[in-house]
Q: 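Could you have a look at this structure, given as structure tokens, before my questions?
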Amino acid sequence: MTHSLDALFATIESRKGDLDSGKVGPETSYTAKLLAGGAPLIARKVGEEAVETAVAALTDDADAVVKESADVLYHLMALWAHLGIAPDQVWAELDRRTGQSGIEEKNSRPKG
């Protein structure tokens, strides 16, 4: 069974291919517009959506948090697609951290 995140990433990847081949352009596809804008545009959108999620959380608006969280995930996956990162790479990193305390994991990162 395909998870909805896998299906979303596949759609984003498809739009990336359509953009690269000229089948779709930024004027007809929001995903193509994001991808055409590159990392600066996509990263800005990830940040905006993350802030909107935090604001919704601060107002205890669970419905808005759900909607904004979906926006964060979509834009994050667009960034991954742009950078050639497969979701499995992120899942593997999460798996690597399983069973390790957050403090231990943070302390294991290079200082700098």
Side-chain angles (χ1 to χ4, degrees):
M1 180 173 173
T2 301
H3 190 280
S4 58
L5 290 176
D6 295 324
L8 175 60
F9 190 77
T11 298
I12 293 168
E13 283 280 280
S14 174
R15 293 295 181 280
K16 182 180 177 187
D18 291 345
L19 176 65
D20 292 343
S21 70
K23 285 184 180 178
V24 68
E27 65 283 347
T28 59
S29 165
Y30 179 71
T31 301
K33 180 179 178 177
L34 276 176
L35 295 170
L41 175 61
I42 304 167
R44 188 180 86 235
K45 289 301 296 179
V46 169
E48 287 174 10
E49 299 301 343
V51 168
E52 290 173 7
T53 303
V55 169
L58 291 172
T59 61
D60 289 325
D61 187 343
D63 188 52
V65 169
V66 168
K67 291 175 182 174
E68 296 300 341
S69 295
D71 289 345
V72 169
L73 289 169
Y74 163 77
H75 287 91
L76 190 57
M77 289 191 150
L79 184 62
W80 296 350
H82 173 74
L83 295 173
I85 297 169
D88 286 345
Q89 291 173 266
V90 178
W91 311 155
E93 177 60 17
L94 289 171
D95 289 344
R96 185 189 70 76
R97 296 178 184 189
T98 299
Q100 184 179 32
S101 84
I103 293 171
E104 287 174 3
E105 191 282 325
K106 191 163 186 152
N107 288 338
S108 73
R109 296 180 192 175
K111 308 286 187 255

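Heads up: numbering here begins at 1 and tracks the sequence.
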Q: Which residues pass the side-chain hydrogen bond (donor to acceptor under 3.5 Å, both in side chains) test with Asp95, sequence neighbours left out?
A: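 Per chain and number, Asp95 pairs via side-chain hydrogen bond (donor to acceptor under 3.5 Å, both in side chains) with no residue.
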Q: List the atom pairs, donor and acceptor, that lie under 3.5 Å between side-chain atoms in residues 51-58 and the rest of the protein, sequence neighbours left out.
A:
{"from": "Thr53", "atom 1": "OG1", "to": "Glu49", "atom 2": "O", "distance (Å)": "2.8"}
{"from": "Thr53", "atom 1": "OG1", "to": "Glu68", "atom 2": "O", "distance (Å)": "3.4"}

Q: Sequence neighbours left out, what passes side-chain hydrogen bond (donor to acceptor under 3.5 Å, both in side chains) with Lys16? Give chain and number order.
A: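 Not a single residue meets the side-chain hydrogen bond (donor to acceptor under 3.5 Å, both in side chains) criterion with Lys16.
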Q: According to side chain to side chain contact (heavy atoms under 4.5 Å, CB included), who are the partners of Ala92, at least two apart in sequence or on a separate chain?
A: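 Here no residue qualifies.
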Q: Partners of Lys23 by side chain to side chain contact (heavy atoms under 4.5 Å, CB included), sequence neighbours excluded?
A: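 If we apply the side chain to side chain contact (heavy atoms under 4.5 Å, CB included) test to Lys23, skipping adjacent residues, the hits are Asp18, Ser21.
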Q: Only counting residues at least two apart or in another chain, list the ones meeting side chain to side chain contact (heavy atoms under 4.5 Å, CB included) with Asp88.
A: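 Checked Asp88 against side chain to side chain contact (heavy atoms under 4.5 Å, CB included); matches are Trp91.
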Q: Once ring-ring contact (aromatic ring centres under 6.0 Å, His included) is applied, do any residues pair with His75, and if so which ones, sequence neighbours excluded?
A: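 His75 satisfies ring-ring contact (aromatic ring centres under 6.0 Å, His included) with Tyr30 once adjacent residues are dropped.
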Q: If you look only at pairs with a residue in residues 42-63, which of them pass as a ring pair (Phe, Tyr, Trp, His ring centres under 6.0 Å), with sequence neighbours excluded?
A: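 Those involving residues 42-63 do not exist here.
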Q: Return each pair, listed once, that meets ring pair (Phe, Tyr, Trp, His ring centres under 6.0 Å) where at least one residue sits in residues 34-69; pairs must be two or more places apart or across chains.
A: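 Sorted pair list comes back empty.
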Q: Do side-chain atoms of Ser69 reach the backbone of Val65 as a donor and acceptor pair under 3.5 angstrom?
A: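 Present.
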Q: Once side chain to side chain contact (heavy atoms under 4.5 Å, CB included) is applied, do any residues pair with Glu27, and if so which ones, sequence neighbours excluded?
A: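 With sequence neighbours excluded, Glu27 shows a side chain to side chain contact (heavy atoms under 4.5 Å, CB included) to no residue whatsoever.
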Q: Quick one: CG on Leu73 to CZ on Phe9, what's the gap to the nearest 0.5 Å?
A: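 Between Leu73 CG and Phe9 CZ, I get 13.0 Å after rounding to 0.5 Å.
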Q: Which residues pass the side-chain hydrogen bond (donor to acceptor under 3.5 Å, both in side chains) test with Lys67, sequence neighbours left out?
A: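 Expected list: Asp63.
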